2 protein chains.
Amino acid sequence: MSGAAESHAPVPESAAAGGGGAWEREVVDFYIHLAQAFSLPKSVGAIFGILFASPRALALDDIVERLSISKGSASSGLKLLQRVGAVQPTYEPGDRRTRYVPEMSIRRLLTGLLQETVTPHLRRGAAQLESLAPLLNEFPPDERKILAARLRALNTWQGKAKRLLPFVLGFLGRPLRRAKIDPGGGDESGA
Amino acid sequence: MSGAAESHAPVPESAAAGGGGAWEREVVDFYIHLAQAFSLPKSVGAIFGILFASPRALALDDIVERLSISKGSASSGLKLLQRVGAVQPTYEPGDRRTRYVPEMSIRRLLTGLLQETVTPHLRRGAAQLESLAPLLNEFPPDERKILAARLRALNTWQGKAKRLLPFVLGFLGRPLRRAKIDPGGGDESGA
DNA sequence: AAGATGGTTCAGAATTTTCTGAACATTCCG
DNA sequence: CGGAATGTTCAGAAAATTCTGAACCATCTT
């Protein structure tokens, strides 16, 4: 593999020098914005983007170079992406460096991300909810009634949230045919 | 006085002085954590929490006082919550202050939040995607093949994401019966 | 109209998050 | 073993976000 599109040199990379630059820039830009939608660091989006934009797996050094970020950033960014399953390391015989490829299954992508971000909070919340009910006893009946209703709502949320995740994953797993489910309000979607 | 559980005085509030404090604290704490799960400012979670914890609608001053935050914070926090539809203003005749009540429908809550956070990014992304395809022409055939496949995947994601939102809302709208969807595996699937 | 009341805005302070760069491990190679 | 190649860690720098407090606007009361 020495062949391949190395970019150790400080000059333009690979076959697609002129146009390739634009492609990389645009893809990276796209993922930087996407990352921010999830409030992840820009560098994380950029790293995923550069992997996505490259037809071959890249190693840490390649990333550092192409994005002009520090080794530290690249290292921890890759670690995060690995943890949520957004990139996978590939080990090729005869190459000491770990190279990474982007995960292409949106399902696995989302699974990992949610597992990492919301699930723990969900769990924590569930625990805390239990300790809440007894505190209502201090309130006079009329107020207690209102608050008890809210507490019930909170439990409902919790329940729905718990079920929502598998549901969503089920949806993402299916082939993209027309989904024949017609959600209630059918919001404007298009908009 | 207009009765109600005012708390203009610097002393314990309302009927539930001793216990009420604990209730408020716990609820606020709960929502602060929830807010962080969505990476919203703590103050925003706290504001929603204090509204949720109170059997009566609260005005800006009440919030400032009970949470010991600045008027500025409270004002902009409330504005954000209003924008995403998480709280609603109530105007009572003979009272100049706007009071706020928390939204209790998880569906409306999520709708607003998503509308505010992900939808715009989704839109932006869709636009950008179009401009991406032509850039592939610069690549040699073998690389182009790989990248074209990725671009297709990206379009699929986009499509799924678009459909996902209404789908989720449909789910949230339904009563909490047993959902008979059985998503693939347990969930951690494969790692 | 003067003064109180309710609320918004915004410049700078405080805090939190992210990034850098260099020191430190570890493994491979000769 | 000595040195080079890969990577990780972490203290402090840099950047971004959030909060405060005071000035300001608008409306109501007298």
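To find a chain, count down the sequence lines: A is the first, B the second, and so on, and within it residues start at 1. None of these values were measured; they are calculated from a predicted model. Only this structure's heavy atoms are used, side chains among them; waters, hydrogens and symmetry mates stay out.
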Considering only side-chain heavy atoms of [X], which listed nucleotide, [options], is closest?
X: A:S43; options: C:dG6, D:dG7, C:dC19; value: C:dC19
X: A:R96; options: D:dT20, D:dT6, C:dT20; value: D:dT6
X: B:S70; options: C:dT8, D:dG21, D:dT6; value: D:dG21
X: B:K42; options: C:dT20, D:dA5, C:dT16; value: C:dT16

Figure out the [atom1]/[atom2] separation between [X] and [N], and round it to whole Å.
X: A:I47; N: C:dC19; atom1: CD1; atom2: C1'; value: 11 Å
X: A:L60; N: C:dT20; atom1: CG; atom2: P; value: 13 Å
X: B:R99; N: C:dG7; atom1: CZ; atom2: P; value: 9 Å
X: B:D61; N: C:dT8; atom1: CG; atom2: C1'; value: 13 Å
X: A:Y91; N: C:dT27; atom1: OH; atom2: P; value: 13 Å
X: B:L40; N: D:dT17; atom1: CG; atom2: C1'; value: 13 Å
X: A:I69; N: D:dG7; atom1: CD1; atom2: P; value: 14 Å
X: B:L78; N: D:dT18; atom1: CG; atom2: P; value: 16 Å

Q) So which one's nearest nucleotide on DNA chain C is more toward 5', B:D95 or A:A74? A) B:D95
(Q) C:dT20, OP1 or OP2 - any side-chain N/O from A:S73 closer than 4.0 Å? (A) yes
Q: Specify whether B:F139 and A:W23 have parallel, tilted or perpendicular ring planes, treating 30° as the upper limit for parallel and 60° as the lower limit for perpendicular.
A: perpendicular
Q) So A:F52 and A:Y31, would you call those rings parallel, tilted or perpendicular, with 30° and 60° as cut-offs? A) tilted
Q: Can you check whether any acceptor in the base of D:dG21 is under 3.5 Å from a donor in the side chain of B:K71, or vice versa?
A: no
Q: Report which part of the nucleic acid B:S76 touches: base, sugar-phosphate, or nothing (heavy-atom distance under 4.0 Å, all strands).
A: nothing
Q. Contact class for B:K79 vs. all strands (heavy atom < 4.0 Å): base, sugar-phosphate, or nothing?
A. sugar-phosphate
Q) If each of A:S75 and A:Q36 is mapped to the nucleotide of DNA chain D with the nearest heavy atom, which maps nearer the 5' terminus, i.e. the 5' end? A) A:S75
Q | B:R83: which of B:L81, B:V87, B:L80 passes side chain to side chain contact (heavy atoms under 4.5 Å, CB included) | A | B:L80
**Q.** Test: B:D62 and B:R66 ion pair at under 4.0 Å
**A.** no
Q | Side-chain ion pair, B:D29 and B:R25, N-O less than 4.0 Å | A | no
